[in-house]
K.L.:
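Below: one structure in structure tokens.
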Amino acid sequence: MLELTPFAPMNVVLLAVLNPVVAIVGFMMGRTADQWGKCIIAGFAAALAGSVLLWFAVFFGLVPARGIGGEAGVFVVSIVAGTIWATLAYAFRRRTE
């Protein structure tokens with residue numbers, strides 16, 4: 001089982017950056033964006049979807065809830081990661097058109 005220490009900043013970053021839902025949703029929404037500013041909205045939506053996945057992981061016991069301690073930090077870092085994925089997809093799409 002995954003062992004997390006209470007509020008370790010590296011765990012907060014890892015939970016946000018390595019969340020596959022954040023990457024997938026951010027990339028897919030960024031690919032369909034028609035303006036750069038929509039990448040920020042895509043990052044927020046990706047963070048929300050990633051938070052839902054994290055909630056399910058805690059609910060089913062895959063991640064211990066007592067060991068995270070920085071839920072707001074996970075969400076904020078997820079927004080940044082989702083925005084980066086969306087911006088990369090937006091830039092790649094613009095290059096290929």
K.L.:
Taking ring pair (Phe, Tyr, Trp, His ring centres under 6.0 Å) as the test, write out the residues that go with F60, two or more places apart.
P.N.:
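Listed in chain order: nothing, the list is empty.
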K.L.:
For residues 35-62, which residue pairs qualify under salt bridge (Lys or Arg N to Asp or Glu O under 4.0 Å), counting only residues two or more places apart or in two chains?
P.N.:
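Salt bridge (Lys or Arg N to Asp or Glu O under 4.0 Å) check on residues 35-62 returns D34-K38.
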K.L.:
Between R93 and A33 (side chain of the first, backbone of the second, donor and acceptor by atom type, cut-off under 3.5 Å), is there such a pair?
P.N.:
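Checking the backbone N and O of A33 against the side chain of R93, a donor-acceptor pair under 3.5 Å is found.
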K.L.:
Grab the two heavy atoms, one from A86 and one from A42, that are nearest each other, plus how far apart they are.
P.N.:
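Between these two residues, the closest heavy atoms are CB-CB, 3.7 Å.
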K.L.:
Measure the OG1-CD1 distance between T87 and I40 for me, rounded to the nearest 0.5 Å.
P.N.:
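Answer rounded to 0.5 Å: 7.5 Å.
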K.L.:
Which ILVMFWY residues can you reach from V80 by hopping between side chains whose heavy atoms are under 4.5 Å apart?
P.N.:
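V80 clusters with I84, L88.
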K.L.:
Hey, could you give me the CG/OG distance between L48 and S78, rounded to the nearest 0.5 Å?
P.N.:
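Going from CG on L48 over to OG on S78, the span is 10.0 Å.
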K.L.:
For A45, which residues count as a side chain to side chain contact (heavy atoms under 4.5 Å, CB included) partner, sequence neighbours excluded?
P.N.:
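With neighbours one apart ignored, the set is M29.
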K.L.:
Do you know the tightest heavy-atom contact between V12 and V74?
P.N.:
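Answer, listing the atom of V12 first, then V74: CG1-N, 3.5 Å.
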K.L.:
For I24, which fellow cluster members are found when Ile, Leu, Val, Met, Phe, Trp and Tyr are connected by side-chain heavy-atom distances below 4.5 angstrom, either directly or through intermediates?
P.N.:
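Noted: I24 shares its cluster with M28.
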K.L.:
Mind checking what makes side chain to side chain contact (heavy atoms under 4.5 Å, CB included) contact with L53, not counting sequence neighbours?
P.N.:
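Expected list: N19, P20, V21.
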K.L.:
Test: salt bridge (Lys or Arg N to Asp or Glu O under 4.0 Å). Region: residues 8-26. Which pairs qualify, not counting sequence neighbours?
P.N.:
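Every candidate salt bridge (Lys or Arg N to Asp or Glu O under 4.0 Å) pair involving residues 8-26 fails, so no pair, neighbours aside, qualifies.
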K.L.:
Taking only residues two or more places apart in sequence, or in another chain, which ones meet V17 in a side chain to side chain contact (heavy atoms under 4.5 Å, CB included)?
P.N.:
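So V17 forms a side chain to side chain contact (heavy atoms under 4.5 Å, CB included) with V13, V77.
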K.L.:
Run the ring pair (Phe, Tyr, Trp, His ring centres under 6.0 Å) test against W55 and tell me which residues pass, sequence neighbours left out.
P.N.:
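For W55 the ring pair (Phe, Tyr, Trp, His ring centres under 6.0 Å) partners, ignoring immediate neighbours, are F59.
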K.L.:
Scan residues 17-48 for pairs that pass ring-ring contact (aromatic ring centres under 6.0 Å, His included), counting only residues two or more places apart or in two chains.
P.N.:
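Only F44-F75 qualify under ring-ring contact (aromatic ring centres under 6.0 Å, His included).
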K.L.:
Flag yes if L18 and M10 sit in one hydrophobic cluster, no otherwise; membership is Ile, Leu, Val, Met, Phe, Trp, Tyr, and two members link when side-chain heavy atoms are under 4.5 Å apart.
P.N.:
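Yes, L18 and M10 fall within the same hydrophobic cluster.
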